[in-house]
Student: 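Submitted below is the structure of interest, expressed as structure tokens.
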Amino acid sequence: MYKEIVGFIRAAFQQPEGFIALHEPKFLGNEKKYLVDAIDSTYVSSVGQYVNRFEEQMKQITGASHVVAVVNGTCALHLALLLAGVEPGEEVITQPLTFVATVNAIKHANASPHFVDVDKDTLGLSPEKLRIQLAAVAQVKDGKCFNKITGRRIAACVPMHSFGFPLRIDEVIEICSQYHIPVVEDSTESLGASYKGRATGTFGSLGTFSFNGNKTVTSGAGGAIITNDEVLGKRAKHLSTTAKLPHAWEFVHDEVGYNYRMPNLNAALACAQLEQLESYIRNKRSLAAEYRSFFKERGIPFVDEIAGASANYWLCTILLKDRADRDAFLEYVNGRQVMCRPAWTLMTKLDMFKNDVAGDLTNASWLEDRIVNIPSSVRPPL
Ligand SMILES: *Cc1c(COP(=O)(O)O)cnc(C)c1O
């Protein structure tokens with residue numbers, strides 16, 4: 001069976017031999033043109049027309065009214081948490097099945113993660129488990145939510161759309177609003193994905209994106225914060241640009257700010273990539289369709305978008321029988337230059353987070369043993 005899978009992947013990528021990456025960037029449009037233009041303009045740092053243009057393109061793509069370009073997805077999350085009102089010593093709910101950056105950002109805000117389980121079908125934060133966990137530990141006082149066991153305020157919730165599969169974000173928002181918990185949507189992996197007709201990232205008070213080299217489209221390194229709240233949008237821009245007050249020549253800063261703005265060079269790359277986002281996603285969805293029928297015929301679960309969701313299929317995902325099957329498969333395919341990866345080790349197992357609060361994580365543990373991401377790059381021609 002493993003041999004047959006390798007054969008299918010090689011045929012799908014028309015690469016009978018050599019290395020097949022899990023996800024490699026493709027530069028098929030105006031990338032070089034815009035980069036040269038940015039260099040010629042001399043505006044290579046954090047001021048320049050491409051940064052503004054990138055923000056306008058992101059508004060178009062997501063439908064958000066405010067977009068702020070930043071240096072990477074981790075900084076986007078850090079800033080979004082501060083903007084959501086997270087203070088040192090508070091608690092932030094997130095899922096244990098995520099990339100470490102989600103939880104690092106919580107720690108960067110000097111807060112503590114509080115882990116709640118994911119759903120087996122979406123791989124993202126489970127509304128049902130969230131409801132159970134909050135019913136057990138949460139108490140609302142004066143419009144604020146507290147964890148009655150730790151005594152800390154639950155200051156935010158960060159659901160994450162794993163591998164570009166939208167989670168049940170509307171239900172998460174509904175529950176969080178009952179408990180007065182702001183939602184920061186970690187949509188770093190789900191650019192171009194939507195749920196019930198709305199772009200992921202626009203459901204929460206703030207949403208975040210990453211344009212790292214391994215994501216659906218890339219700016220080399222880059223990120224974005226989106227929001228429909230004008231006050232938060234303006235504050236995001238202010239805090240990401242050293243909190244400098246506008247003035248023709250004076251340097252006056254009104255709070256401790258961050259040097260988080262995306263450089264024009266990176267934005268030039270991002271603008272060219274965003275122009276191709278739609279065709280990339282169409283391309284990735286056709287690969288997903290091929291994988292779906294192949295794995296279905298062989299009784300191997302292929303992770304699919306749930307009803308109402310449109311995934312970007314950033315990383316196509318299968319579920320193997322158990323951890324032994326997963327490990328044997330990874331050994332086999334990686335040994336044959338077909339790059340496949342397991343899910344991240346659960347955050348609750350990492351030394352930095354193992355003592356943090358966690359609810360029942362049955363689904364996350366089950367998935368951790370079985371998830372395998374398979375090669376998912378865009379296949380030219382578009
Ligand atoms: C990629 C990613 C990030 C961070 O993005 P960077 O641009 O690499 O800092 C955060 N959260 C998740 C879930 C990611 O996949």
Side-chain angles (χ1 to χ4, degrees), residues 22-25 54 58 67-82 84 92-109 111 113 115-116 118 122-125 156-167 169 172 183-193 200-201 203-204 206-226 240 258-263 265-267 269-270 273-274 284 303 311-317 341-348 350 352-353 364 367-368 371 373 376:
L22 181 64
H23 198 282
E24 63 186 8
F54 165 79
M58 282 294 289
V67 174
V68 176
V70 294
V71 287
N72 60 49
T74 310
C75 292
L77 281 163
H78 177 213
L79 214 50
L81 288 167
L82 299 182
V92 175
I93 292 175
T94 194
Q95 59 203 56
L97 184 77
T98 186
F99 179 54
V100 70
T102 312
V103 192
N104 282 343
I106 293 169
K107 292 280 187 178
H108 295 161
F115 296 102
V116 172
V118 294
T122 67
L123 321 179
L125 192 72
C157 174
V158 187
M160 196 281 283
H161 303 282
S162 303
F163 314 129
F165 297 105
L167 61 97
I169 187 68
V172 168
V183 173
V184 170
E185 216 179 324
D186 185 347
S187 39
T188 41
E189 302 184 352
S190 62
L191 180 65
T200 58
F203 290 83
L206 300 128
T208 59
F209 291 97
S210 166
F211 297 86
N212 189 42
N214 65 344
K215 296 296 203 289
T216 302
V217 293
T218 183
S219 58
I225 299 171
I226 69 171
S240 67
Y258 297 85
N259 181 17
Y260 276 1
R261 192 154 182 77
M262 181 190 281
L265 264 186
N266 297 85
L269 194 58
Q273 288 265 289
L274 285 180
K284 291 165 77 62
V303 178
N312 66 6
Y313 290 93
W314 171 48
L315 294 183
C316 288
T317 306
R341 287 286 181 265
W344 314 278
T345 297
L346 296 188
M347 294 300 111
T348 42
L350 303 183
M352 314 82 84
F353 313 130
L367 286 167
E368 184 196 27
I371 285 175
N373 294 132
S376 305

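Indexing begins at 1, ligand by ligand and atom by atom, following the structure's order.
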Student: Taking the side chain as C-beta and beyond, is there a heavy-atom pair between P113 and M347 under 4.5 Å?
Tutor: no
Student: Looking only at non-hydrogen atoms, which of D186, N212, T218 approaches atom 11 (N) of ligand 1 most closely?
Tutor: D186
Student: Do ligand 1 and T98 have nitrogen or oxygen atoms that lie under 3.5 Å from each other?
Tutor: no
Student: I need the minimum non-hydrogen distance between V100 and M352, along with the two atoms involved.
Tutor: CG2-CE, 4.1 Å
Student: Taking the inter-plane angle between the rings of W344 and F99 on a 0 to 90° scale, is it parallel (under 30°), tilted (30 to 60°) or perpendicular (over 60°)?
Tutor: tilted
Student: Please round to the nearest 0.5 Å and tell me the distance separating atom NE2 of H78 and atom CD1 of I225.
Tutor: 10.0 Å
Student: How far is atom 1 (C) of ligand 1 from its nearest protein heavy atom, and which residue and atom is that?
Tutor: K215 NZ, 1.6 Å
Student: Counting each atom of ligand 1 from 1 as listed, which ones have a heavy atom of T102 under 4.0 Å away?
Tutor: 11 (N), 13 (C)
Student: Could you check whether Y313 and F163 have their ring centres less than 6.0 Å apart?
Tutor: no
Student: So which protein heavy atom does atom 5 (O) of ligand 1 come closest to, and at what separation?
Tutor: S210 OG, 3.2 Å
Student: Of S162, A101, G164, C75, which has the heavy atom at the shortest distance from atom 3 (C) of ligand 1?
Tutor: A101
Student: Give the atom numbers and elements of ligand 1 that come within less than 4.0 Å of a heavy atom of M160.
Tutor: 13 (C)
Student: Please check whether W314 reaches ligand 1 - meaning an N/O of the residue sits under 3.5 Å from an N/O of the ligand, judged on distance alone.
Tutor: no
Student: I'd like to check which ligand 1 atoms, numbered from 1 as shown, lie under 4.0 Å from a non-hydrogen atom of F99.
Tutor: 2 (C), 3 (C), 12 (C), 13 (C), 14 (C), 15 (O)
Student: Quick one: pull up OG1 in T218 and CG in L191 and give me the separation to the nearest 0.5 Å.
Tutor: 11.5 Å
Student: Less than 3.5 Å between some nitrogen or oxygen of T188 and one of ligand 1, yes or no?
Tutor: yes
Student: Is there a side-chain contact between S240 and L79 (heavy atoms, below 4.5 Å)?
Tutor: yes
Student: Starting from atom 15 (O) of ligand 1, locate the nearest protein heavy atom and write down its residue, its atom name and how far away it is, to 0.1 Å.
Tutor: E189 OE2, 2.4 Å
Student: For ligand 1, note which part of L77 has a heavy atom under 4.0 Å away: side chain, backbone, both or neither.
Tutor: side chain
Student: Does any part of the side chain of M160, heavy atoms only, come nearer than 4.5 Å to the side chain of T94, both counted from C-beta?
Tutor: no
Student: So if I count the atoms of ligand 1 from 1 in the order they appear, which ones are less than 4.0 Å from some heavy atom of T74?
Tutor: 4 (C), 5 (O), 6 (P), 9 (O)
Student: So if I count the atoms of ligand 1 from 1 in the order they appear, which ones are less than 4.0 Å from some heavy atom of N72?
Tutor: 7 (O), 9 (O)
Student: Nearest 0.5 Å, what's the CG-CG distance between L97 and L367?
Tutor: 6.0 Å
